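Indexing begins at 1, ligand by ligand and atom by atom, following the structure's order. Since the structure is predicted, the reported quantities are computational estimates derived from the model, not experimental observations.
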Amino acid sequence: MASTLLRGKTALVTGSTSGIGLGMARSLAAEGANILFNGFGDAAEIAQLQADTAREFGVQTAYHNADMSKAPEIEALFAFAADKFGGLDVVVNNAGIQHVANVEDFPVEKWDSIIAINLTSAFHTSRLALPFMRKQNWGRIINLASAHGLVGSAGKSAYVAAKHGLVGLTKVTALETAQTGVTANAICPGFVLTPLVQKQVDARALKDGLSNDEAKKALLADKQPSGEFVTPEELGALAVFLCSDAAKQVRGVAWNMDGGWVAQ
Ligand code: NAD
């Protein structure tokens, strides 16, 4: 029988047309949550994702194409959610991009986009979600940070700055809601094999003359002691736990699921 932990609740997962966000959306839908998808991609494929999720899990789905780097579009997304679902019970701030270059070579417009999409968007969704969550005295804000929210890596200045910032935002949001039924937490994955990481695998293969498989192993060997990728399903299971009653005193954590990356 389908699980009902989140039956009747609605979750927004930003950047859920691909990768981790899609895994999160499916995990929450499997618990009965209606899903508001967001992210870029082919319109027909997104419509298919919505239809598949609705049919597989017996939930309602919707999609909004807000560019998460733009405050007015995020406001439009929330107006759409209020109209369609009455409000958002769970917000997963997942949309994110990466760019790798040393600080002195880092393109200024890339810096601005990474900070806007990976950090500032979560400020906007949180400020817009909290009034409804506080009113009903229940809500879950889950910020997809990264092992790079806890430690740095050369070449990833904007990403590391944004993810450390997101961990900071999570702590403050958790403190401001500490005496309510709303919680805010961050999840800090290590490497997950998504399009975002495949680009880094491709760059490594090109740089060192490696096959795709060799480049994956090399990338993991640098950082992730388990030598295995984390999966979107494993991260989805952690998000489901954070939504459960058992997690109601889990507040302001930056929970790494990273094959041992930050234990080193
Ligand atoms: P991905 O590239 O597969 O997916 C990114 C999603 O964000 C897509 O749906 C894309 O359309 C969407 N997106 C990008 N820019 C957007 C914008 N301006 N507005 C709205 N949506 C936008 O990436 P992923 O690996 O699944 O990453 C998801 C999140 O997890 C990111 O925040 C990333 O930093 C974080 N993360 C990923 C890894 C990893 O190893 N893949 C590790 C740690 C953290």
Side-chain angles (χ1 to χ4, degrees), residues 12-27 35-43 45-46 49-50 63-78 91-100 109-110 112-122 124-125 142-153 156 158-167 169-170 186-204 216 219-220 222-224 226 228-236 238-239 254-259 261-262:
L12 163 68
V13 184
T14 69
S16 45
T17 53
S18 166
I20 296 171
L22 180 55
M24 290 276 161
R26 288 181 54 79
S27 298
I35 302 294
L36 176 48
F37 285 94
N38 158 262
F40 299 145
D42 177 77
E45 282 173 24
I46 295 171
L49 278 182
Q50 268 185 259
Y63 167 74
H64 194 282
N65 67 354
D67 178 338
M68 298 306 293
S69 68
K70 298 192 165 75
E73 295 193 23
I74 300 172
E75 285 165 5
L77 165 68
F78 272 73
V91 171
V92 181
N93 288 305
N94 167 82
I97 58 167
Q98 174 64 286
H99 184 79
V100 182
E109 66 283 2
K110 282 278 179 209
D112 288 343
S113 318
I114 289 176
I115 299 298
I117 298 168
N118 296 20
L119 173 58
T120 309
S121 71
H124 289 302
T125 61
I142 299 175
N143 293 326
L144 252 293
S146 167
H148 284 123
L150 303 169
V151 295
S153 287
K156 297 184 175 173
Y159 189 86
V160 168
K163 296 299 188 182
H164 275 69
L166 191 54
V167 168
L169 172 66
T170 306
I187 294 179
C188 298
F191 280 128
V192 185
L193 190 58
T194 64
L196 180 143
V197 162
Q198 185 60 47
K199 280 190 205 149
Q200 296 172 56
V201 172
D202 294 343
R204 184 64 176 262
K216 282 183 193 159
L219 206 64
L220 288 169
D222 284 348
K223 298 287 183 186
Q224 203 145 300
S226 67
E228 289 180 12
F229 289 105
V230 180
T231 67
E233 292 71 25
E234 289 159 356
L235 294 165
L238 178 52
W255 192 317
N256 46 308
M257 185 183 271
D258 62 0
W261 182 324
V262 308

Review point. Going through the distances and angles, do Gln198 and Leu193 end up as a side-chain contact (heavy atoms from CB on, under 4.5 Å)?
Key: CA-CA 6 Å; Gln198 185 60 47; Leu193 190 58; 3.7 Å; yes
Please produce the table of protein N or O atoms sitting under 3.5 Å from N or O atoms belonging to ligand 1, one pair a line, distance to 0.1 Å.
| residue | atom | partner | partner atom | Å |
| --- | --- | --- | --- | --- |
| ligand 1 | 3 (O) | Ser18 | OG | 2.7 |
| ligand 1 | 9 (O) | Gly15 | O | 3.2 |
| ligand 1 | 9 (O) | Thr17 | N | 3.4 |
| ligand 1 | 9 (O) | Thr17 | OG1 | 2.7 |
| ligand 1 | 11 (O) | Thr17 | OG1 | 3.4 |
| ligand 1 | 11 (O) | Phe40 | N | 2.9 |
| ligand 1 | 18 (N) | Asp67 | OD1 | 2.9 |
| ligand 1 | 19 (N) | Met68 | N | 2.8 |
| ligand 1 | 25 (O) | Thr194 | OG1 | 2.4 |
| ligand 1 | 26 (O) | Ile20 | N | 2.8 |
| ligand 1 | 32 (O) | Asn94 | O | 2.7 |
| ligand 1 | 32 (O) | Lys163 | NZ | 2.9 |
| ligand 1 | 34 (O) | Tyr159 | OH | 2.5 |
| ligand 1 | 34 (O) | Lys163 | NZ | 2.9 |
| ligand 1 | 36 (N) | Tyr159 | OH | 3.4 |
| ligand 1 | 40 (O) | Gly190 | O | 3.4 |
| ligand 1 | 40 (O) | Val192 | N | 2.7 |
| ligand 1 | 40 (O) | Val192 | O | 3.3 |
| ligand 1 | 41 (N) | Val192 | O | 3.1 |
| ligand 1 | 41 (N) | Thr194 | OG1 | 3.1 |

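- Residues passing the side-chain contact (heavy atoms from CB on, under 4.5 Å) test with His124 are Ala71, Ile74, Thr120, Arg127, sequence neighbours excluded.
- For the salt bridge (charged side-chain N to carboxylate O under 4.0 Å, His left out) condition, the pairs that include at least one residue of residues 18-27, sequence neighbours left out, are Arg26-Glu56.
- Here the side chain of Ser16 pairs no donor or acceptor atom with the backbone of Leu22 at under 3.5 angstrom.
- Environment of NZ in Lys223: crowded, with over 12 heavy atoms of neighbouring residues, nucleotides or ligands closer than 6.0 Å.
- Listed by chain and residue number, His148, Lys156, His164 satisfy the side-chain contact (heavy atoms from CB on, under 4.5 Å) test with Val160 (two or more places apart in sequence, or in another chain).
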